[in-house]
Amino acid sequence: PAQMWKRMNSMERICTATGLAIMAFALFLFILATQAKSEAGVIMGVLIFAAAAVLGGCFLAYGLTGQIADGFVYGLLAPRRYLRKAPPLMAQIEALIKQERFAEALNRVDKMLEQDPDVVRLHIAKFDLLLIHLKRPADALLCAEAFFRRPERFVSGDNAVLLLRYTELARAMQKNRDAEMLLRSELARRRTGYTRLERERLNSALKTLA
């Protein structure tokens, strides 16, 4: 629930909170209805409870449906092999970076990518190594572009992370046109598995390139 709340936009949060409040009020009305002394009072209380419950349910449905649908789509599109796979062992890479052995860390990442090129976190690690530690921004751009040129990719939230980092770097290097083409291609591509919130962020990034 906490992660779902973080992924919501402001309107979804407002609707969800409003729906929960109305449902709580409906429950209060139901309790009052059960304590009514007359049959008419009970009927009126139940009717008001039902109306409030329906209204609260509508607000909740609007607030939660997008997040539930995103998770459902992710589950449908993401290959089961990826969902079962444990995260890559990054400890060795992180240790090499802390020791400022950046070339060795990059070599280690490349070897891991040879064994499993589908792990997006490794591509992000390589992007960060090239950009931040080795001061090779042009190579970092090429690294990201090579990943997004792959015809088949596993569905992962890390895809959007890498794409947004690429866009920020491309804008800083005045390669807006390249970033715009890649963003438009990704947004038009089918079965990417980007959630609604991720698509909103990608579209916002696209607007900054105009």
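Sequential numbering from 1 along the given sequence is applied to the chain's residues. Note that the structure is a prediction, hence the values are computed from the model and not measured.
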(request) Measure across F148 and N159 and return the closest heavy-atom pair with its distance rounded to 0.1 Å. (result) CZ-O, 3.4 Å
(message) Between E180 and R184, does any side-chain N to carboxylate O distance fall below 4.0 Å?
(response) yes
With a 3.5 Å cut-off and sequence neighbours excluded, list the donor-acceptor pairs that the side chains of residues 166-177 form with protein atoms.
{"residue": "Y166", "atom": "OH", "partner": "E145", "partner atom": "OE2", "Å": "2.7"}
{"residue": "T167", "atom": "OG1", "partner": "L163", "partner atom": "O", "Å": "2.8"}
{"residue": "R171", "atom": "NH1", "partner": "T208", "partner atom": "OG1", "Å": "3.0"}

(message) Looking at every heavy atom in both L122 and I93, which two are closest together, and how far apart are they?
(response) CD2-CD1, 4.2 Å
(request) To the nearest 0.5 Å, tell me how far Q92 CD sits from M112 CE. (result) 7.0 Å
(request) Locate the shortest heavy-atom distance separating P117 from H123; write the atom from each residue and the value. (result) O-NE2, 2.9 Å
(request) Could you pull out the closest heavy-atom pair between R199 and R189, with the gap in Å? (result) NH2-O, 4.1 Å
(message) Do L141 and M181 land in one hydrophobic cluster if side-chain heavy atoms of ILVMFWY residues count as linked below 4.5 Å?
(response) no
(message) Is any side-chain heavy atom of F147 closer than 4.5 Å to one of K126?
(response) no
(request) To the nearest 0.5 angstrom, please state how far the OH atom of Y194 sits from the CZ atom of R201. (result) 13.0 Å
(request) Can you see which heavy atom on L96 is nearest to which on R108, and at what distance? (result) CD1-CB, 4.3 Å
(message) How long is the straight-line distance from CG of L182 back to CZ of R149, given to the nearest 0.5 Å?
(response) 9.5 Å
(request) Grab the two heavy atoms, one from L164 and one from A205, that are nearest each other, plus how far apart they are. (result) CD2-CB, 3.9 Å
(message) Let me confirm one number: the CG-CG distance from D139 to L129, rounded to the nearest 0.5 Å.
(response) 12.0 Å
(message) Hydrophobic cluster membership, with links at side-chain heavy-atom distances under 4.5 Å among I/L/V/M/F/W/Y: are L142 and V109 in one?
(response) no
(message) Would you compute the distance between atom CD of E114 and atom NZ of K111 and round it to the nearest 0.5 angstrom?
(response) 8.5 Å
(message) Just so I know, are the side chains of H133 and L106 near enough to count as touching, which here means a heavy-atom distance under 4.5 Å?
(response) no
(message) Within a 6.0 Å radius of atom CZ on F25, are there more than 12 heavy atoms belonging to other residues, nucleotides or ligands?
(response) no
(message) Tell me every residue that passes side-chain contact (heavy atoms from CB on, under 4.5 Å) with R165, counting only those two or more places apart in sequence or in another chain.
(response) I124, F127, D128, V161
